[in-house]
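Worksheet: one structure, shown below.
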Amino acid sequence: MSSESSESSESSGSSESSRRRRSRTAVFLAASASLALASAAGVASSTLEASTELDAEFGALLEEHGLAGVVWATVDGERVVVGARGLADASTGAPLRPDSRVHVGSVAKTLLATAILRRVTQGALSLDAPVESLLPDLALDNPWRATHLLRLRHLLDMTGGLDDLRLWHVFGTRSRPDDPLRVAFDDDPGTLRLRTAPGSRYSYSNLGYTLAARVLEASVGERYEDWAERELLQPLGLRDSRFHYARPGVDPGGDTRLAWGHVEGGVPVVTPPTALRPAAQFLTTAADMARLARFLMSDGRVDGSVFVRRDLLAAMGRPTTTEAARAGLRVGYALGLSARDRHGAVGKCHGGSVAGFRAMFCLYPESGRAFFVAHNADDEDAPYDRFDARLVEALGLRGTATPRVPGGVPVIERGWSGRYVPDPSRHSQAELADRLFGAWTLSFGEAGASLRIGSGAARPLERVGPGLYRLPERVQASLVLLRDPQGRVRIDAGHLSLRRIGALEHAALWTAVAGGALALSWWLAAVPLRAWRRPGAWREVPAGWAAVALVIAGAAFALQPWQRFADLTGASLAWQAWFAWRELRAGARPLRGVLDAAAAGFGLALCGVLAAFGAWPLATWRF
């Protein structure tokens with residue numbers, strides 16, 4: 001993301017912003033409630049209302065969790081409710097209005113997918129066309145090319161096997177709003193390396209949607225933002241929405257209707273541009289999202305003519321090609337929407353988050369109902385699901401759960417007991433962390449089945465069909481047991497595919513990592529002790545001084561802005577230097593004593609594990 005930020009807002013400090021926010025919130029929450037009808041213009045052929053009950057509840061939730069503001073819309077047939085509570089800018093106390101624009105992050109993918117479906121409807125693109133034929137200059141690394149070509153459908157279904165992103169795509173200052181889309185790929189051939197056979201497994205990928213936008217640009221012969229605003233947003237009546245980047249404010253390039261984003265402590269921030277903008281950049285209003293919801297649940301006609309084919313709209317959120325879908329699991333992702341089973345209702349949804357904003361967009365086509373909610377506050381600990389749950393309740397969407405199958409777990413399914421790790425990991429850089437901390441543990445026996453995610457508590461699973469199991473709070477099957485084409489045991493939850501990991505592999509990995517951590521602790525203690533006891537002893541323990549350098553580098557990281565995590569800075573250079581020194585110098589001199597030898601061995605083992613998982617050298621500006 002960009003280094004551009006609200007210096008004037010941040011200079012006063014988070015504590016002053018919080019005091020201003022608390023002192024003015026009550027006034028502006030009441031004021032914003034009176035604006036709930038302000039966005040009536042443009043919501044054609046629908047009834048616009050304000051919900052006093054939701055206003056009060058959402059205002060209370062904002063206060064309880066220290067969030068800046070929220071805008072929302074509900075659709076129930078022809079009836080549309082649009083509302084807003086809270087602040088557009090916590091530093092000035094400006095109220096958030098129902099017609100305020102907000103960033104919606106990855107909800108942009110739904111819009112991009114709809115734009116491509118428009119081109120498919122026009123006959124200019126085919127979902128089954130190989131991507132390499134649409135982009136002849138693409139240097140795609142597909143080990144399965146002989147049997148599984150990467151197709152446009154796979155990009156929109158997130159089953160292409162591409163990695164999600166690189167850290168520099170999000171945490172850095174390189175990106176500019178007018179960068180060509182190829183910038184996200186050109187500097188790193190690894191971004192075009194497929195990790196699974198196309199079409200077989202879902203793995204969330206911002207890179208995949210950025211590549212899909214390159215296909216769209218090749219098809220229309222211009223920037224996707226220009227074409228999509230003219231050929232998609234205007235015909236659908238989304239007059240207050242933008243694909244082009246903007247920042248709040250009145251300065252050049254600013255948007256006075258765009259709310260400020262906020263991070264923890266109520267500090268206003270600017271959402272910076274990103275190299276993955278087709279996957280995460282879209283500005284809109286609650287009323288425009290209500291219009292979009294009504295179109296996506298329609299027969300696809302605009303002014304009496306087919307705009308997007310009805311079968312294509314129906315296919316959004318209905319995965320068909322994956323191993324899990326073929327095994328009977330209905331949750332999953334397809335053509336820009338995800339089948340989401342939450343709060344007692346199954347809908348077609350897309351969530352999104354960028355610096356300072358969170359959003360959720362959900363459709364329930366069978367009932368003609370939908371909701372959109374966006375927060376201009378990005379707080380990892382905030383219970384955003386409580387807003388979603390209340391909207392589901394307000395729309396009366398709670399459904400009937402799939403009946404459970406009576407009896408215990410069949411003998412053949414008990415063989416799936418064990419520990420599972422993501423395969424593939426959403427982020428290739430996070431594969432090691434997923435192996436260590438992201439394991440799922442399944443237990444099957446005569447009495448039933450249970451699932452434990454990470455270190456959380458085990459939860460019972462209800463059997464609802466052959467190989468299909470549901471968490472108690474879900475309406476339909478939550479995961480499926482399956483075997484891959486090589487016969488290996490796997491499970492799939494629609495949004496995540498996992499393979500079983502052996503106890504020996506798991507123990508060896510933990511031994512290397514834990515031993516390396518202990519080695520670092522040993523050297524951190526040994527260096528100052530030896531230097532104090534024997535002058536000149538520090539020269540004998542270069543590995544120990546490398547451990548000290550690690551601590552200094554970590555402190556430097558903590559002090560620099562989070563937006564610069566993936567930039568080439570003094571902190572990242574220090575971090576990189578530690579790993580290089582640790583590897584090159586740890587065994588350069590004879591080390592005295594068994595503890596020194598063991599520490600050196602475990603330190604090198606840690607370096608080996610990090611290298612095997614692509615985390616050594618730890619050059620964050622290349623991640």
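Excluded from the calculations below are hydrogen atoms, water molecules and symmetry mates; all remaining heavy atoms, backbone and side chain alike, are included.
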Tell me if a side-chain donor or acceptor on [X] pairs with a main-chain N or O of [Y] at a distance below 3.5 Å.
X: Arg166; Y: Asp188; value: no
X: Asp378; Y: Ala355; value: no
X: Ser100; Y: Ala259; value: no
X: Gln281; Y: Phe243; value: yes
X: His262; Y: Asn376; value: yes
X: Asn206; Y: Leu276; value: no
X: Asp288; Y: Ser241; value: yes
X: Thr110; Y: Leu337; value: no
X: Arg195; Y: Pro424; value: no
X: His495; Y: Ala493; value: yes

Give a yes or no on whether a salt bridge exists between [X] and [Y], defined as a side-chain N under 4.0 angstrom from a carboxylate O.
X: Arg340; Y: Asp385; value: yes
X: Asp341; Y: Arg474; value: no
X: Asp484; Y: Arg499; value: no
X: Glu222; Y: Arg230; value: yes
X: Arg294; Y: Glu78; value: yes
X: Arg153; Y: Asp157; value: no
X: Arg358; Y: Glu380; value: yes

Can you find a heavy atom in the side chain of [X] that is under 4.5 Å from one in the side chain of [Y]?
X: Pro177; Y: Arg277; answer: no
X: Leu127; Y: Leu335; answer: yes
X: Val270; Y: Trp260; answer: yes
X: Leu194; Y: Leu162; answer: yes
X: Leu134; Y: Ser219; answer: no
X: Leu482; Y: Arg326; answer: no
X: Tyr224; Y: Ile116; answer: no
X: Tyr384; Y: Met360; answer: no

Listed by chain and number, what are the side-chain hydrogen bond (donor to acceptor under 3.5 Å, both in side chains) partners of [X], not counting sequence neighbours?
X: Arg118; answer: none
X: Asp492; answer: Ser497
X: Arg301; answer: none
X: Asp299; answer: none

Could you tell me the separation between the [atom1] atom of [X] and the [atom2] atom of [Y], rounded to the nearest 0.5 Å?
X: Thr196; Y: Asn142; atom1: OG1; atom2: CG; answer: 9.5 Å
X: Leu498; Y: Tyr420; atom1: CG; atom2: OH; answer: 9.0 Å
X: Arg369; Y: Leu391; atom1: CZ; atom2: CG; answer: 13.5 Å
X: Ser133; Y: Leu150; atom1: OG; atom2: CG; answer: 10.0 Å
X: Lys109; Y: Ser205; atom1: NZ; atom2: OG; answer: 8.5 Å

By the salt bridge (Lys or Arg N to Asp or Glu O under 4.0 Å) test, which pairs, at least two apart or in different chains, include something from residues 253-263?
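Output for this query lists Arg101-Asp255, Asp240-Arg257.
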Within residues 315-325 or reaching into it, pairs that qualify as salt bridge (Lys or Arg N to Asp or Glu O under 4.0 Å) - sequence neighbours excluded:
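Applying salt bridge (Lys or Arg N to Asp or Glu O under 4.0 Å) to every pair that reaches into residues 315-325, excluding sequence neighbours, yields Arg201-Glu323.
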Passes side-chain contact (heavy atoms from CB on, under 4.5 Å), Glu217 versus Leu181? Steps please.
CA-CA 9 Å; Glu217 289 191 341; Leu181 295 182; 3.6 Å; yes
Please evaluate residues Leu292 and Thr284 with respect to the criterion side-chain contact (heavy atoms from CB on, under 4.5 Å), reporting the C-alpha separation (whole Å), side-chain torsions for both, the decisive distance (0.1 Å), and the verdict.
CA-CA 11 Å; Leu292 176 66; Thr284 189; over 6 Å; no
Near Arg330 CZ, under 6.0 Å, is it more than 12 heavy atoms from other residues, nucleotides or ligands?
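No, not enclosed.
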Taking all non-hydrogen atoms of both residues into account, name the closest pair between [X] and [Y] and its distance.
X: Gly317; Y: Pro319; result: O-CD, 3.5 Å
X: Ala359; Y: Val107; result: CB-CG2, 4.3 Å
X: Val75; Y: Ala290; result: CG2-CB, 3.8 Å
X: Arg426; Y: Asp434; result: N-OD2, 4.5 Å
X: Arg97; Y: Ala84; result: C-CB, 3.5 Å
X: Met316; Y: Thr114; result: CE-OG1, 3.9 Å

Taking salt bridge (charged side-chain N to carboxylate O under 4.0 Å, His left out) as the test, write out the residues that go with Arg390, two or more places apart.
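Expected list: Glu53, Glu57.
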Partners meeting side-chain contact (heavy atoms from CB on, under 4.5 Å) with Ala197 (sequence neighbours left out)
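Ala197: side-chain contact (heavy atoms from CB on, under 4.5 Å) contacts with Trp144, His148, Ser200.
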For a side-chain contact (heavy atoms from CB on, under 4.5 Å) check, start with the C-alpha distance between Thr285 and Val71, then their side-chain angles and the critical distance, and finish with the verdict.
CA-CA 8 Å; Thr285 65; Val71 295; over 6 Å; no
Taking only residues two or more places apart in sequence or in another chain, which ones pass ring-ring contact (aromatic ring centres under 6.0 Å, His included) with [X]?
X: Tyr202; result: Tyr333
X: Phe361; result: none
X: Phe357; result: His103
X: Phe185; result: none

Strictly under 6.0 Å, is that where the ring centroids of Phe387 and Trp72 end up?
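Centroid separation for Phe387 and Trp72: 6.0 Å or greater.
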Show your reasoning for whether side-chain contact (heavy atoms from CB on, under 4.5 Å) applies to Phe307 and Thr121.
CA-CA 7 Å; Phe307 190 76; Thr121 300; over 6 Å; no
